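Not measured: the values here are computed from a predicted model. Atoms within a ligand are numbered from 1 in the order they appear, just like the ligands themselves.
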Amino acid sequence: MFILILGAPGSGKGTQGKILAERLGLPKITTGDLIRKAMLDDTPLGLEFKKYYDEGKLVPDSIILGMIKEQLDRPEAKNGAILDGFPRTAAQAELVDKTLAQRGQRLNHILLLDVTEDELIRRMRARAQVEGRTDDSPEAIANRLQIYQRDTAPLIAHYAQRGIVHRVPGTGSVEQIALQIKRIIGR
Ligand code: AMP
C-alpha cells in the first residue's frame with residue numbers, strides 16, 4: 001500500500017508518517033530527511049540542495065526527480081511505502097504516478113493534514129527553538145508556506161479526482177490525529 005501524507009510545512013507529516021509507517025510495517029520515504037542528510041554529509045548534491053533549502057525554496061525538479069525515482073525503486077518499497085514530503089510538484093506527481101503504474105501499483109490513499117496558517121507558523125517557530133533548522137527563519141517559513149500553496153496544494157485537486165484524498169483535521173493531540181488516520185486507512 002502506498003500512502004502519501006500531504007500538508008503544509010508544520011502540519012505534522014513527519015510525526016504522523018512515522019506512527020503510520022511503524023504500525024503498517026512500511027518504509028517511510030522522506031525527501032526532506034534525505035536532503036538534510038546530503039547537506040550534512042557535504043556531498044556535491046548536498047551543496048546544491050543548500051542553495052534552495054536555506055531560503056525555504058523547493059529544490060528544482062531537475063535535481064530531485066532522480067532521487068525520488070531511486071527511492072521508489074528500492075527493494076524495501078516494492079510493496080508499499082509512506083511518502084512524506086513528495087510529490088510536491090506536478091512533475092513529481094507525474095513521476096510517482098508513472099513509476100507505480102509501470103509496476104501495476106498506484107497511490108492508495110492521500111492523507112491531507114489540515115492545519116490553520118496561524119497554527120502552522122506557531123509550530124514552526126516552536127520547532128525552530130528546539131531543532132534549529134536552517135530553514136526555520138521567518139523569511140524561509142514565509143517562503144515555505146507560500147510555495148506550498150502555489151506548487152503543492154494544486155496536487156490535492158489532481159488526486160481528489162480519483163477519490164483517494166482524505167482530509168484529516170491536523171489539530172488535536174498526536175494520538176487523536178493518529179487514531180483518525182487509523183480509522184481512515186482501516187488498520
Ligand atoms: P520538509 O522537511 O519536507 O519540510 O522539507 C524541507 C525542505 O527540503 C523544503 O523546503 C525544500 O527545500 C526541500 N524539499 C523537501 N522535499 C522536497 C521535494 N519533494 N521537492 C523539492 N524540495 C524538497
Side-chain angles (χ1 to χ4, degrees), residues 2-21 27-74 77 81-100 107 110-115 117 119-156 158-159 168 170 174:
F2 288 86
I3 302 174
L4 160 60
I5 312 222
L6 199 61
S11 61
K13 298 187 295 289
T15 306
Q16 292 300 331
K18 183 163 182 278
I19 295 173
L20 190 57
K28 177 161 93 86
I29 308 175
T30 309
T31 41
D33 285 351
L34 293 163
I35 289 170
R36 280 183 285 276
K37 166 113 184 30
M39 293 192 318
L40 265 177
D41 292 348
D42 266 339
T43 64
L45 210 49
L47 288 173
E48 192 62 24
F49 289 154
K50 197 167 167 51
K51 293 186 206 159
Y52 305 94
Y53 182 97
D54 283 353
E55 287 185 31
K57 294 185 178 155
L58 288 186
V59 171
D61 285 331
S62 56
I63 313 180
I64 204 159
L65 286 177
M67 193 177 95
I68 289 177
K69 177 89 174 98
E70 199 180 298
Q71 289 297 316
L72 290 174
D73 285 343
R74 284 165 63 114
I82 308 296
L83 313 187
D84 169 9
F86 80 100
R88 232 169 167 119
T89 63
Q92 292 178 22
E94 205 177 301
L95 175 72
V96 171
D97 290 349
K98 202 171 105 193
T99 304
L100 295 183
L107 279 178
I110 317 285
L111 298 168
L112 175 62
L113 295 179
D114 207 359
V115 178
E117 189 153 318
E119 173 68 8
L120 293 172
I121 293 172
R122 194 192 63 74
R123 287 188 194 174
M124 278 191 277
R125 291 202 178 135
R127 183 170 69 186
Q129 312 256 311
V130 182
E131 294 179 12
R133 269 171 60 158
T134 49
D135 63 343
D136 274 337
S137 68
E139 298 77 22
I141 288 177
N143 270 341
R144 287 159 64 203
L145 288 171
Q146 202 184 3
I147 290 168
Y148 173 77
Q149 289 304 335
R150 192 190 67 197
D151 295 338
T152 307
L155 298 183
I156 300 165
H158 167 76
Y159 288 119
V168 185
V174 169

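With respect to atom 12 (O) of ligand 1, the closest heavy atom belonging to the protein is Lys57 O, 2.6 Å. The shortest contact between atom 16 (N) of ligand 1 and any protein heavy atom is with Thr31 OG1, 2.8 Å. What sits closest to atom 3 (O) of ligand 1 on the protein, heavy atoms only, is Arg88 NH1, 3.0 Å. Regarding atom 8 (O) of ligand 1, its nearest protein heavy-atom neighbour is Tyr53 CD1, 3.4 Å. For atom 13 (C) of ligand 1, the nearest non-hydrogen atom of the protein is Ile35 CD1, 3.6 Å.
At a threshold of 4.5 Å between non-hydrogen side-chain atoms, the residues Leu6 and Leu83 do not count as touching.
Of the options Arg144, Lys50, Arg133, the smallest heavy-atom separation from atom 6 (C) of ligand 1 is shown by Arg133.
At a threshold of 4.0 Å, the pair Arg74-Glu70 does not count as salt-bridged, since none of the basic side-chain nitrogens sits closer than that to a carboxylate oxygen.
The closest side-chain donor-acceptor pair between Glu55 and Asn143, if any, does not fall under 3.5 angstrom.
Of all atoms in ligand 1, numbered sequentially from 1 with element shown, those under 4.0 Å from a heavy atom of Arg36 are 2 (O), 6 (C). Heavy-atom contacts of Gln92 reach the following atoms of ligand 1: 18 (C), 19 (N), 20 (N), 21 (C) (cutoff under 4.0 Å).
The closest approach between any non-hydrogen atom of Lys13 and ligand 1 is not below 4.0 Å.
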